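When reading the values below, keep in mind they use all heavy atoms of this one structure, side chains included, and skip hydrogens, waters and symmetry mates. None of the values given here were measured: they were computed from a predicted structure.
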Protein chains: 2
Amino acid sequence: MSTVDEVQQAVMERMLRGELTPGTWLRQDDLAAQLGVSKIPVREALHRLAASDLLRFENNRGVVVPMLTAEDAAETYGLRLAIEPELLRRAVPNLTIVHLAEAEMALAASELKGASVPEANWAFHAALYGAAGWKRGMAMVQSLHAAVAPYVALYTQGLGGAATSDDEHQRILQACRDGDAERACSLLEVHLREAAAALDHVFTEDTDAGTR
Amino acid sequence: MSTVDEVQQAVMERMLRGELTPGTWLRQDDLAAQLGVSKIPVREALHRLAASDLLRFENNRGVVVPMLTAEDAAETYGLRLAIEPELLRRAVPNLTIVHLAEAEMALAASELKGASVPEANWAFHAALYGAAGWKRGMAMVQSLHAAVAPYVALYTQGLGGAATSDDEHQRILQACRDGDAERACSLLEVHLREAAAALDHVFTEDTDAGTR
DNA sequence: CATTTCGCGATTGTATACGATTATGGAATC
DNA sequence: GATTCCATAATCGTATACAATCGCGAAATG
């Protein structure tokens, strides 16, 4: 694996965990020193992430985690609704015990204290979608998850919003076990719509947490 | 506009035109000299394109335009079918005379001799989708167009396959003028399915053009 | 004559270095 | 005392330079 890939993966993990809050400036020298490499592979990795709008290069100012507007979040979930059901539909016939076990593990991991909800969320969805064998689609969906991860972390920490989400995950998983692709897709669509609505509250509520 | 952005745009244009045939090795020094910059912004731009799998960095060997398998092409059109109707559906209510004129211009441009069919194709679709205001979705769809561009160029050069495609474009445009989003989406889906089938012939036919 | 091995050339990948731009703190002025 | 201006420090973006890797060809060997 290339140096660039390692840096990219390291930063991506932090994004999926929602650790990199919007508005944060990523200093390249720090990242380079932290990972024991030079600036150049760091910049190349950041450019890769910037290609999916996960980061933004501002002229002579550096790399920043962009703040999402309510419309951005709506777009993200609109795209998830467009892509993920299609991925799941194609995945279900190919699901093996390994995929299902991975998904179960992700659900279990999300229960643990100190676990990152958006990261576990992605792990669960990725375990199922992986069976579709759509590499490009996976990368797209991963970037969508990463884009909203800090906001998802926000509203799942605030209240027990993860509980209902977890229940929906369980039902989706059961439909997958049954090999019922259409039911799984329907459940997934409802799941995404609810998540979109919940996230929208973060932006429209009185709290300015989403815009800060 | 940054140096990296200029390089990225230059290479992306060549990709959308289908000029960069799969299997081609992009030599960084050549590109740098050609654009009058150094290797580093070139590499950063290439990394941006590699993030969407439009290019591939191979270890210590350089950057290559990846060859698509039949499955890759099917995935690309599967994703286009998932995303583009959604984009069009959201675009139609916002369409202005400007968007429609842009789309008409793209159709006219595709008729000209020496014009790049995939590039005009993208210009047409982009003109319409732009009204949706979905920046991320646009970037995704653009990368999908770029990925198959050389193959589209292949089968449109071979025969007058562009004629039927052009007719479908006209009908989609008319539905957009009428503000009939659902009809436009239905026509788009048919259009994409036909294009996918046509492209599939490139891979499954006796000619090895797709695998060379 | 085929095959393997060695060495050279070419290209990449990374580090170091430097000019340019921006942010920040303090001093001067109103 | 507040504000503006300037100088300094810090960071970025790009160019240059160098080490590492890969491929290809020639030579040697069976």
**Message:** Heavy atoms within less than 4.0 Å of DNA chain D: which residues of residues 31-49 of chain B have one? Give them sorted by number.
**Reply:** B:Val37, B:Ser38, B:Ile40, B:Pro41

**Request:** Specify the separation, in whole Å, of atom CD of B:Glu58 and atom C1' of D:dT21.
**Result:** 14 Å

**Message:** How bent is the helix from C:dC1-D:dG30 to C:dC30-D:dG1, measuring the angle between the end axes built from five pairs each, rounded to 10°?
**Reply:** 10°

**Sequence neighbours excluded - side-chain hydrogen bond (donor to acceptor under 3.5 Å, both in side chains) pairs with any residue from residues 51-68 of chain B** = none

**A:Glu102: side-chain hydrogen bond (donor to acceptor under 3.5 Å, both in side chains) partners, not counting sequence neighbours** = none

**Prompt:** Do you know the tightest heavy-atom contact between B:Leu68 and B:Ala147?
**Reply:** CD2-O, 3.7 Å

**Prompt:** Are B:Pro22 and B:Tyr151 close enough that some pair of their side-chain heavy atoms sits under 4.5 Å apart?
**Reply:** yes

**Request:** Decide, yes or no, whether a salt bridge links B:Lys135 with A:Asp72 under the criterion of side-chain N to carboxylate O below 4.0 Å.
**Result:** no

**Item:** Contact boundaries on DNA chain C for chain B, cut-off under 4.0 Å to non-hydrogen atoms
**Value:** C:dT11 to C:dA15

**Item:** Separation of D:dG13 C1' from B:Asp5 CG (nearest whole Å)
**Value:** 13 Å

**Message:** Applying salt bridge (Lys or Arg N to Asp or Glu O under 4.0 Å) as the test, list every pair that has at least one member in residues 119-131 of chain B; sequence neighbours left out.
**Reply:** B:Arg17-B:Glu119

**Item:** Qualifying residue, where the test is side-chain contact (heavy atoms from CB on, under 4.5 Å) with B:Leu31 and the options are B:Val37, B:Leu26, B:Val63
**Value:** B:Leu26

**Asked** Is there side-chain contact between A:Arg48 and A:Glu44, with heavy atoms separated by less than 4.5 Å?
**Response** no

**Fill in**
The side-chain hydrogen bond (donor to acceptor under 3.5 Å, both in side chains) partners of B:Glu19 (sequence neighbours excluded) come to none

**Request:** Give a yes or no on whether the ring-centroid distance for A:Phe57 and A:His47 is below 6.0 angstrom.
**Result:** yes

Atom pairs, protein N/O to nucleotides 22-24 of chain D N/O, distance under 3.5 Å:
unit_1: D:dG23; atom_1: OP1; unit_2: B:Arg61; atom_2: NE; d: 3.3

**Message:** Between A:His145 and A:Arg80, do the side chains contain a donor N or O and an acceptor N or O under 3.5 Å apart?
**Reply:** yes

Review item, side-chain donor-acceptor pairs of residues 126-134 of chain A, under 3.5 Å, at least two apart:
unit_1: A:Tyr129; atom_1: OH; unit_2: A:Glu84; atom_2: OE1; d: 2.4
unit_1: A:Tyr129; atom_1: OH; unit_2: A:His125; atom_2: ND1; d: 2.8

**All pairs passing salt bridge (Lys or Arg N to Asp or Glu O under 4.0 Å) where residues 188-203 of chain A contributes a residue, at least two apart** = A:Glu189-A:Arg193

**Message:** Tell me which residues in residues 7-15 of chain A lie within less than 4.0 Å of DNA chain D, going by non-hydrogen atoms.
**Reply:** none

**Message:** Side chains of A:Thr69 and A:Phe203, heavy atoms from C-beta outward: is any pair under 4.5 Å?
**Reply:** no

**Asked** How would you list, by chain and number, every residue that makes a side-chain hydrogen bond (donor to acceptor under 3.5 Å, both in side chains) with B:Thr24, sequence neighbours excluded?
**Response** B:Thr21

